[in-house]
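The block underneath contains the structure these notes are about, expressed in structure tokens.
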Amino acid sequence: MADKKTKVALDLNKVRNIGVIAHIDAGKTTTTERILYYTGMVHRIGEVHEGAATTDYMDQERERGITITAAAVTCFWRDHQINLIDTPGHVDFTAEVQRSLRVLDGGVVVFDGVAGVEPQSETVWRQANNYNVPRICFVNKMDRTGASFQRCVDMMVDRLSANPVALQMPYGEGADFKGIIDLLKMELITYGDDMGTAIEVHPIPESVREEAETRRSEMVDKIVENDDFLTEKFLMEEAISNDELLGALRAATIAGRLHPVICGSALKNKGVQLMLDTVVELLPSPLDIPPVKGMHPKTDQQQERQAKDDEPMTGLVFKIITDQYGRLAFIRVYSGVLRTGTGLLNSTKGARERIGRIVRMFADRREDVEEVHAGDIAAIIGLKETFTGDTLCDPDKPIVLEKISFPEPFIELSIEPNSKADQDKMGLALRRLAEEDPTFKIEVDDKLGQTKIKGMGELHLEVLVDRMMREYGVKANVGRPRVAYREAITRATRIDTTFKRQTGGSGQYARVVIEFEPLTDEDRAKMSPGEEFLWVDGTKGGSVPKEFIPAARNGVREALAGGVIAGYPVVGLKATLVDGAYHEVDSSEMAFKVAGSMCLKEGVQKGAPVILEPTMKVEVVSPDEYTGSIVGDLASRRGTIIGMEPRTGATSIRSTVPLSEMFGYATNLRNMTQGRGNFTMEFDKYTIAPTNIAEEVIKGGR
């Protein structure tokens, strides 16, 4: 097996870096578990509901039956090496999906055959679009009552603006699901045992032959219209072989023009081997994707790296895990060879790193390797300065790859250690957890002597606090979750501020004139995603010396973080330095920094400030008889109904609701629907809070 692994790893055409992504409960981890079983990596299938799934190895994952961290696994299928990442589906852990997609070449998007496209399906699809990740779609749970393959495909078009092409159709749905019809080979596949290993191939039964032929014709039309050569053959009424169709489909899939759709039931062990075949046949190898681009750290010139072993070593660290053995840094090697014992440059920070141990990951188990080749994914143990989003490269050929951008956290809680010993342990624990998770932020309030932690949702913070207490033995009192509001201005204002202080000898003097205004869409288009502050130097004639301009900007930026009217960060702001004055002796960087800070505070006060509150997209699914009560309840929570869709015996209600109104909603919904309703919630955007809510926030009552 070792020889085979070495041979496979060196043939980049036979490497697939893929992620399994989906909405919570669509069956990602169950699907991953089957992949591991059929590829021979495990000899017994571990079930999520029994807390035994291989990739859900954390205590918190096993107790809750959900995936929290993205787990990396390497397996082999048809002489191909598959580096597989099982990602979380819960919206609170969306950063895990984001950083995985940044380094993956392809994705398998799993959909629930009954629920179809759900809110988090839309989020992960949008993230995959942002990173141009080619993907195939696996409609799971075809054995469940109410499953509908065609409805799922239609929802992909309506909700995702996808271009699905069905390569299979189910033979029966729900309790009648017996097998899968392959529309390319025009044959029926059934399973002779419960483990899905006794695969049987039959001719298509007459009862569904006509439907299968219609669907095959639709499939051929979609593939052909994406290939000029095949279009010509089709119009000339020449025969088109399955190999030609497969080749054109692969090219269209990699280009993102088509999204192949297959089906099955992972829990019942049906369709997973066919899905692995589709991964190998249609998703790209590292050679099929464009060369990675980056910037030279000193000259800012664009650089390019091909996926070749003889190119300079370049890799992106996309995930950090700290466990009892130390810190693990997951890395995608884009070019060159990563070897143990070599020295590399962290070009993001300008720091040197020595590569001690390299391991290939198998969920929470690991296997030491001496080297990792271009296009592969592995983990490094013992890096000192390198964290998520950092580039490691050849010191003689430096390059900085684009960092991974993460959303800002919008929910917070206070945490207080029980003793001095706990205080020290808590500091270490929080620091390590923040190193692992870029969406987890720590803030110390000096006035109150209080530590606040911020995250992406109640579950996110609950899991992090649980880990802090269990893994690091911290005892602490935890406050209730609170909304992380924001401040903004709604009108432009021009502020002229002079900071002058005489304390004997040389004094302090700085004058700045800054125009503050809300960011426009045009401004945002020039900025990096997630950036909320734009600084423009509009001075003329040296009214402010060049060396003092960065100090004024830093003063404004620091004051933004502390807030002005309610202590929350100010966002969506453009600041243009238009004029100023300095003194030959008394001016300093510190003086201009203070002047910038004072200017910002006055600018926000005079810019018609508002409080912004996070608004969530909420989807509730419940039996029809409770629809009226649910709609009324959402309205009472300041919710806006976006739409309603019928499901089998149920209704899906989509709405937007302020986060502050959603605390405790799970219990409320259970009571309203006798435990039969469920909901999903994800961040939508920040909106201006009504005056009465804003007043409460400013007084500290919310």
With a 4.0 Å cut-off, would you call E602 and K606 a salt bridge?
yes
Check for a donor-acceptor pair, side chain of S597 on one end and backbone N or O of K593 on the other, with a separation under 3.5 Å.
no
Determine whether D437 and H460 make a side-chain contact, defined as any pair of heavy atoms from C-beta on separated by less than 4.5 Å.
yes
Between R480 and E412, does a salt bridge (Lys or Arg N to Asp or Glu O under 4.0 Å) hold up when you go through it step by step?
CA-CA 8 Å; R480 64 182 181 86; E412 63 185 31; over 6 Å; no
Test side chain to side chain contact (heavy atoms under 4.5 Å, CB included) on M426 and I415; report intermediate values, then the result.
CA-CA 10 Å; M426 187 176 92; I415 188 159; 4.1 Å; yes
R486 (side chain) donor-acceptor with V570 (main chain) under 3.5 angstrom:
no
Distance, nearest 0.5 Å, that separates CD1 of I331 from OG1 of T386:
8.5 Å
Go through the steps to decide whether L573 and L560 satisfy the test side chain to side chain contact (heavy atoms under 4.5 Å, CB included), and finish with yes or no.
CA-CA 9 Å; L573 188 79; L560 285 172; 3.5 Å; yes
Please determine whether side-chain hydrogen bond (donor to acceptor under 3.5 Å, both in side chains) holds for the pair R135 and N129, giving the CA-CA distance in whole Å, both sets of side-chain angles, and the decisive distance to 0.1 Å.
CA-CA 10 Å; R135 65 218 86 141; N129 283 342; 2.9 Å; yes
Calculate, to the nearest 0.5 Å, the distance between atoms OG1 and CG belonging to T687 and L659 respectively.
10.5 Å
Rounding to 0.5 Å, atoms CG (L101) and CG (N132) come to a distance of 11.0 Å
Heavy-atom check, side chain of R654 versus side chain of K617, under 4.5 Å:
no
Show the nearest heavy-atom pair for residues I565 and V610, with the distance to one decimal.
CD1-O, 4.3 Å
Check: I514 and T576 side chains under 4.5 Å, non-hydrogen atoms:
no
Restricting to non-hydrogen atoms, name the atom on P481 and the atom on I411 that form the minimum distance, rounded to 0.1 Å.
CB-CD1, 4.0 Å
Do M662 and F679 come close enough that some side-chain heavy atom pair is under 4.5 Å?
yes
In sequence, state the C-alpha distance, the side-chain angles, and the governing distance for L634 and Y665, and then conclude on side chain to side chain contact (heavy atoms under 4.5 Å, CB included).
CA-CA 10 Å; L634 289 171; Y665 185 67; 3.8 Å; yes
Quick check against the 3.5 Å criterion: does E682 have a side-chain atom that pairs as donor or acceptor with the backbone of T123?
no
Would you name the heavy atoms of A329 and I320 that are closest together and state the gap between them?
CB-CD1, 3.7 Å
Check: D424 and K420 side chains under 4.5 Å, non-hydrogen atoms
yes
So, taking the atom named OG in S660 and the one named CE in M616, what distance separates them when rounded to the nearest 0.5 Å?
11.0 Å
Please check if atom CD1 in I642 has more than 12 non-hydrogen atoms from other residues, nucleotides or ligands closer than 6.0 Å.
yes
Any side-chain heavy-atom pair from R638 and V657 closer than 4.5 angstrom?
no
So does E436 pair up with R431, basic N to acidic O under 4.0 Å?
no
So, for G567 and E487, which heavy atoms are closest and what is the spacing to 0.1 Å?
N-OE2, 3.0 Å
Does a sphere of radius 6.0 Å around CD in Q605 hold more than 12 heavy atoms from other residues, nucleotides or ligands, not counting ones at 6.0 Å or beyond?
yes
Taking everything shown except E402 itself, do over 12 heavy atoms lie less than 6.0 Å from its CD?
no
Got a donor-acceptor contact below 3.5 angstrom from the E353 side chain to the E385 backbone?
yes
Just do the salt bridge (Lys or Arg N to Asp or Glu O under 4.0 Å) check on R432 and E471 with the steps written out, would you?
CA-CA 11 Å; R432 287 205 173 149; E471 293 172 26; over 6 Å; no
Is there a donor-acceptor pair closer than 3.5 Å between any side-chain N or O of R327 and the backbone N or O of L383?
yes
Heavy-atom distance under 4.5 Å between the side chains of Y485 and L612, does that happen here?
no
Before accepting this row, confirm whether a basic side-chain N of the pair K403/D390 lies closer than 4.0 Å to the acidic partner's carboxylate O.
yes
For E435 and K319, what are the C-alpha separation, side-chain angles and deciding distance, and is it a salt bridge (Lys or Arg N to Asp or Glu O under 4.0 Å)?
CA-CA 9 Å; E435 285 172 0; K319 182 177 170 64; over 6 Å; no
Would you call the rings of F111 and W125 parallel, tilted or perpendicular, taking 30° and 60° as the class edges?
tilted
CZ (R99) and CZ (F318) are apart, to the nearest 0.5 Å, by 8.5 Å
Under 3.5 Å, side chain of D523 to main-chain N/O of T520, donor-acceptor pair present?
yes
Has R332 got its NZ or CZ under 6.0 Å from the middle of the six-membered ring of F330, at an angle within 45 degrees of the ring axis?
no
How far apart are the C-alpha atoms of I18 and L104, what are their side-chain angles, what is the distance that settles it, and do they pass the side chain to side chain contact (heavy atoms under 4.5 Å, CB included) test?
CA-CA 6 Å; I18 65 162; L104 292 171; 5.6 Å; no
Nearest 0.5 Å, what's the OH-CD distance between Y686 and E532?
9.5 Å
Checking side-chain hydrogen bond (donor to acceptor under 3.5 Å, both in side chains) for the pair E443/T451: CA distance, chi angles, key distance, verdict?
CA-CA 6 Å; E443 192 179 281; T451 302; over 6 Å; no
For T673 and I630 the tightest heavy-atom approach is CG2-CD1, 3.9 Å
Flag the pair E531 / K526 as yes when at least one side-chain heavy-atom distance between them is below 4.5 Å, and no otherwise.
no
Evaluate side-chain hydrogen bond (donor to acceptor under 3.5 Å, both in side chains) for T680 paired with E619, printing each intermediate quantity in order.
CA-CA 5 Å; T680 54; E619 179 163 5; 4.8 Å; no
Steps toward salt bridge (Lys or Arg N to Asp or Glu O under 4.0 Å) verdict (E661, R637)
CA-CA 5 Å; E661 306 291 343; R637 294 170 186 268; 5.8 Å; no
Closest contact, heavy atoms only, G455 versus P409
O-CB, 3.3 Å
Has N17 got a side-chain atom pairing as donor or acceptor with D105's backbone, closer than 3.5 angstrom?
no
Apply the side-chain contact (heavy atoms from CB on, under 4.5 Å) test between S347 and each candidate in T314, L392, T391, L401; give the one that qualifies.
T391
So does D25 get a backbone contact from the side chain of K28, meaning a donor-acceptor N/O pair under 3.5 Å?
no
Apply side-chain hydrogen bond (donor to acceptor under 3.5 Å, both in side chains) to T615 and T656, showing your working.
CA-CA 6 Å; T615 302; T656 57; over 6 Å; no
Does K601 have more than 12 heavy atoms from other residues, nucleotides or ligands lying within 6.0 Å of its NZ?
no
Ionic contact status for D422 with K475, cut-off 4.0 Å
no
